[in-house]
There are 2 protein chains.
Amino acid sequence: MSGSGQGEDAPQPGLTLARGQGIALWRQISQRLERDIATGAHKPGGRLPTEAELASEYRVNRHTVRRAMEELEGRGLVRIEQGRGSFVAEDVVDYRLGPRTRFSENIRRQNREPGGRVLRIVEIAAETGLAEQLGIRRGRPVLVVERMGLADGRPLVLGTHHFPASRFGRMAELLRANPSITAALAACGVPDYRRRVTRITARLPTPEEADLLQQSRNRPVLVAEAVNTDPEGEVVDVTFSRYAAGRAQLVVES
Amino acid sequence: MSGSGQGEDAPQPGLTLARGQGIALWRQISQRLERDIATGAHKPGGRLPTEAELASEYRVNRHTVRRAMEELEGRGLVRIEQGRGSFVAEDVVDYRLGPRTRFSENIRRQNREPGGRVLRIVEIAAETGLAEQLGIRRGRPVLVVERMGLADGRPLVLGTHHFPASRFGRMAELLRANPSITAALAACGVPDYRRRVTRITARLPTPEEADLLQQSRNRPVLVAEAVNTDPEGEVVDVTFSRYAAGRAQLVVES
DNA sequence: CGCTATTTGTCCGTATGTATT
DNA sequence: AAATACATACGGACAAATAGC
């Protein structure tokens with residue numbers, strides 16, 4: 001790019017790839033784009049050439065360029081939007097994990113506006129593993145709350161909360177009025193709770209998760225399993241949170 | 001492929017896909033395979049049908065099956081090996097993150113044999129951000145140690161450590177003799193250190209990382225940035241660790 | 001050891017669908 | 001409504017890794 005836009009036929013020095021050697025073409029392209037981003041030739045938020053343009057510049061098929069772009073997207077360097085184009089990526093939110101983790105406080109500390117939406121509330125019977133974690137008997141009713149947490153109106157995290165229904169049956173209606181978990185727990189007689197353990201993994205999102213988080217299928221989600229207890233040590237809930245990686249960064253302080 | 005292997009022409013009930021509706025074929029295939037794994041029709045560690053078999057069963061192109069398989073691999077449900085086949089995934093290692101995080105102890109607690117290999121040691125000049133974190137002046141020498149941590153001989157994590165060279169210049173030779181960071185620090189007069197903050201994100205690996213971790217490009221890596229201090233509160237090192245997601249799960253206790 | 005069959009990986013070319021502008 | 005740009009799907013060819021002989 002940069003300068004003479006035409007001349008599709010010229011050899012285009014610097015854009016020739018090593019063919020037939022051990023290195024896949026899409027990797028070479030992805031490396032060059034990465035370098036161009038690192039050196040600032042493509043600036044954060046800036047627009048990248050279209051797939052067709054890159055394909056003709058590098059003299060490869062469009063699919064080969066797509067491969068390279070998908071890799072860069074998964075690594076968080078670019079963002080691809082159907083019908084619009086591809087852009088160099090930016091910004092992340094720090095999400096602090098600690099004994100007193102509260103979503104809204106956490107987001108406000110980053111000078112962003114927190115938001116929440118309850119997606120689904122159902123009751124299920126506790127299977128063995130869950131029952132053990134919640135400290136209840138197998139088969140007892142569990143309230144499952146599916147919730148989306150937002151920062152500045154953008155989806156940041158999907159949380160699946162599990163409460164013992166015997167103690168927190170009222171939460172369903174409370175949450176419908178106010179999507180704050182902390183507020184609902186307070187109304188159920190738990191003004192304070194504490195995070196005990198958090199198990200963190202990462203994986204690619206399911207298509208549904210990618211959709212809800214408004215995130216590409218190639219960007220991973222951070223999966224955090226948390227166990228919260230009340231001041232007496234009684235387990236209040238077990239939560240699986242899925243954070244959009246690249247929008248959130250979990251911070252643990254010791 | 002369970003049972004009657006021939007009969008390529010029969011309609012194969014249950015394997016027909018909804019074409020031309022809103023749902024991409026590869027997604028439907030991935031959903032079915034996911035269900036088959038969940039129900040135990042395909043058992044953990046077990047072998048899945050080949051791409052060619054699935055393609056003919058579902059009456060789609062092999063590439064469409066590949067798409068579906070790649071998604072499942074990224075989500076950690078299957079493992080794909082070139083020349084061998086595809087398998088249902090298993091096991092993860094819990095890696096505890098706490099103030100006194102030590103790699104070897106951590107791995108041994110999981111009844112696995114820890115191992116380490118130093119990949120590269122170089123000295124660089126501290127740029128602004130790093131200098132600030134290390135509590136040294138910009139441009140001062142920093143020892144960068146690239147290390148691989150193994151469990152039972154399998155790569156688990158890649159760590160890039162940054163030590164102020166003024167204090168820890170001897171580490172280079174020490175590590176060449178013994179790849180343990182803890183031992184090398186002890187020899188440099190730091191018998192104990194503490195992890196202060198850890199910032200955790202996830203992304204897809206670079207091709208090099210995927211290679212070193214012996215992991216697929218579709219599986220994310222957990223990226224943890226840690227700051228360690230000595231008992232006096234002096235910063236000892238800043239480390240970026242990249243864990244193979246699906247082999248490791250980070251556990252935080254509060 | 002090399003040879004071969006199997007299985008996944010890369011790349012090309014084309015056609016069509018869908019979202020955005 | 002048209003043009004642009006990314007998404008899905010197909011079909012074919014060859015490369016690379018693995019396993020068995």
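Each chain gets a letter, A, B and so on, in the order its sequence line appears, and its residues count up from 1.
For Asn61(A), the side-chain atoms get nearest to dC12(C) when compared with the rest of dG11(D), dA7(D), dC12(C). Side chain of Val60(B), nearest nucleotide from dC11(C), dC10(D), dT8(D): dC10(D).
The side chain of Arg66(A) contributes no N or O atom lying less than 4.0 Å from OP1 or OP2 of dC6(D). Put simply, Thr50(A) has no side-chain N or O that comes within less than 4.0 Å of OP1 or OP2 on dT4(D). Neither OP1 nor OP2 of dC11(C) sits under 4.0 Å from any side-chain N or O of Arg62(B).
When rounded to the nearest whole Å, the span between CD of Glu53(B) and C1' of dT6(C) equals 11 Å. Atom-to-atom, CD1 of Ile80(B) to P of dT7(C) comes out at 15 Å; the value is rounded to the nearest Å. Rounded to whole angstrom, the span from the CG atom of Leu25(B) across to the C1' atom of dT16(C) amounts to 13 Å. Between the CD atom of Gln28(A) and the C1' atom of dC11(C) there is a distance of 13 Å, given to the nearest Å. For Glu51(A) and dA19(C), the CD to C1' distance is 13 Å, given to the nearest whole Å.
In this structure, Leu150(B) and Gly153(B) approach most closely via the heavy-atom pair CD2-O, 3.4 Å.
Between Arg84(A) and Arg67(A), it is Arg67(A) whose nearest contact on DNA chain C lies nearer the 5' terminus. Residue order along DNA chain C, read from the 5' end via each residue's closest nucleotide, puts Trp26(A) first among Trp26(A) and Gly83(A).
One side chain, Glu73(A) or Ser216(A), offers a donor N or O that lies under 3.5 Å from an acceptor on the other. A donor-acceptor contact under 3.5 angstrom links the side chains of Thr160(A) and Glu146(A), judged on distance only.
With respect to Ser30(A), the side chain to side chain donor-acceptor pair (under 3.5 Å) criterion is satisfied by exactly one of Arg67(A), Glu70(A), Glu71(A): Glu71(A).
Between the side chain of His63(A) and the base of dA9(D), a donor-acceptor pair under 3.5 Å is found. Gln82(B) contributes a side-chain N or O that forms a donor-acceptor pair with the base of dA16(D) under 3.5 Å.
Counting any heavy atom pair closer than 4.0 Å across all strands shown, Arg47(B) reaches sugar-phosphate atoms only and no base atom. Within 4.0 Å of Arg27(B), counting heavy atoms only, lies no atom of the nucleic acid at all.
Across all strands shown, dA1(D) forms no Watson-Crick or G-U wobble pair with both distances under 3.5 Å.
His162(A) and Phe240(A) have perpendicular rings, their planes meeting at more than 60° on a 0 to 90° scale where under 30° would count as parallel.
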